Visitor: 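Submitted below is the structure of interest, expressed as structure tokens.
The structure displayed is predicted, hence computed values, not measured ones. Below, chain A is the first sequence line, B the second, and so on; all start at residue 1.
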Amino acid sequence: GAGVSQSPSNKVTEKGKDVELRCDPISGHTALYWYRQRLGQGLEFLIYFQGNSAPDKSGLPSDRFSAERTGESVSTLTIQRTQQEDSAVYLCASSTGTGRYEKLFFGSGTQLSVL
Amino acid sequence: ILNVEQSPQSLHVQEGDSTNFTCSFPSSNFYALHWYRWETAKSPEALFVMTLNGDEKKKGRISATLNTKEGYSYLYIKGSQPEDSATYLCASPYSGAGSYQLTFGKGTKLSVIP
């Protein structure tokens, strides 16, 4: 079946512009995660969805970041008034549950470059 | 959030060589240890999820061991091939808001030279 799909694969934007990143998880996966990797850093947790709810937003770095999920499927991550430090690879992942042992299925990411 | 460390940061080996690298994690409140492989321009892919002290998992030429008492895991690749070139990530879950989030290390980037 289809894996996790992310779009766009690359996005170049100017500082101060808003961007929207999209994730289509594997059908039937109830849990959805957003991570990002900035240059030289590890994967950084941003937000997690269980169904359409986001019980853990603790990783969002500022109020410029928001995310939503609809229909227990597609999720969008929105970054308002982008800054250069937002440049990173943004990865979406989904899984069948939210336990300790559930492996994550990742998309191939969106490379965001803020000029 | 946990402190997960990986070493070395990068590694170059010749085709056919065997290699290994390390993941260190807090031994207290241990739940599980995940290994992922991330090839350039592809999606990170799960290799193993390990839970028990002394556990050993194998997938083809890749194997992993787990020591929960001292807080480390080794990933071994036997007879490295160019297609093994990738960044290898380990991660351990921590409890947050009713679920478990993975804290990832920075990865070990492996380059296999033909």
Visitor: Counting only heavy atoms not in B:Glu83 (residues, nucleotides, ligands), do more than 12 fall under 6.0 Å from its CD?
Guide: yes
Visitor: Between B:Pro93, B:Ser92, B:Pro44, which has the largest tally of heavy atom pairs under 4.5 Å with chain A?
Guide: B:Pro44
Visitor: Do B:Leu89 and A:Tyr48 sit in one hydrophobic cluster, given that two such residues count as connected whenever their side-chain heavy atoms are within less than 4.5 Å of each other, even indirectly?
Guide: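 In one cluster: yes.
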Visitor: Roughly how far, to the nearest 0.5 Å, is the CD atom of A:Gln41 from the CZ atom of B:Phe104?
Guide: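 With rounding to 0.5 Å, CZ (B:Phe104) is 15.0 Å from CD (A:Gln41).
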Visitor: Centre-to-centre under 6.0 Å for B:Tyr31 and A:Tyr101, is that the case here?
Guide: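 They do not qualify: ring centres at least 6.0 Å apart.
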Visitor: If you check every heavy atom in residues 107-114 of chain B against those of chain A, which residues fall under 4.5 Å?
Guide: none
Visitor: Are B:Ile62 and B:Phe21 joined in one hydrophobic group, where the rule is that I, L, V, M, F, W and Y side chains link up if heavy atoms are under 4.5 Å apart?
Guide: yes
Visitor: Please look at A:Gln37 and chain B and tell me whether the side chain, the backbone, both or neither of the residue comes under 4.5 angstrom of a heavy atom of that chain.
Guide: side chain
Visitor: Identify the heavy atoms of B:Ala32 and A:Arg100 that sit nearest to each other, and give their distance.
Guide: CB-O, 3.7 Å
Visitor: Quick check on the structure: residues of residues 79-94 of chain A within a heavy-atom distance below 4.5 Å of chain B, by number.
Guide: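 Residues of residues 79-94 of chain A touching chain B at under 4.5 Å: A:Val89, A:Leu91.
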Visitor: Please indicate whether B:Gln9 has more than 12 foreign heavy atoms, meaning atoms of other residues, nucleotides or ligands, lying under 6.0 Å from its CD.
Guide: no
Visitor: Can B:Trp38 be reached from A:Phe45 by stepping across I, L, V, M, F, W or Y side chains whose heavy atoms are under 4.5 Å apart?
Guide: yes
Visitor: Would A:Tyr33 end up clustered with A:Leu77 when hydrophobic side chains under 4.5 Å apart are linked, directly or stepwise?
Guide: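 Different clusters.
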Visitor: For the CG atom of A:Leu104 and the CG atom of B:Leu102, what is their distance to the nearest 0.5 Å?
Guide: 5.0 Å
Visitor: Taking all heavy atoms of B:Lys106 and all of A:Gly40, pick out the closest pair and write down the distance.
Guide: CD-O, 3.7 Å
Visitor: Mark yes when over 12 heavy atoms from residues, nucleotides or ligands other than A:Leu39 sit less than 6.0 Å from its CG; otherwise mark no.
Guide: no
Visitor: Provide the closest heavy-atom pair for B:His34 versus A:Glu102 in the form atom of the first, atom of the second, distance.
Guide: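 In this case the closest contact between B:His34 and A:Glu102 is CE1-O, 3.4 Å.
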Visitor: Contact between B:Glu45 and A:Phe105 at the side-chain level, heavy atoms closer than 4.5 Å - yes or no?
Guide: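 Counting from C-beta outward, B:Glu45 and A:Phe105 never come under 4.5 Å.
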Visitor: Please say yes or no: joined through hydrophobic side-chain contacts below 4.5 Å, possibly via intermediate residues, are B:Phe30 and B:Tyr72 part of one cluster?
Guide: no
Visitor: Where do B:Ser43 and A:Gly107 come nearest, in terms of heavy atoms and distance?
Guide: OG-C, 3.2 Å
Visitor: Which bit of B:Tyr36 comes within less than 4.5 Å of chain A, counting heavy atoms only: side chain, backbone, both or neither?
Guide: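 Just its side chain gets close to chain A.
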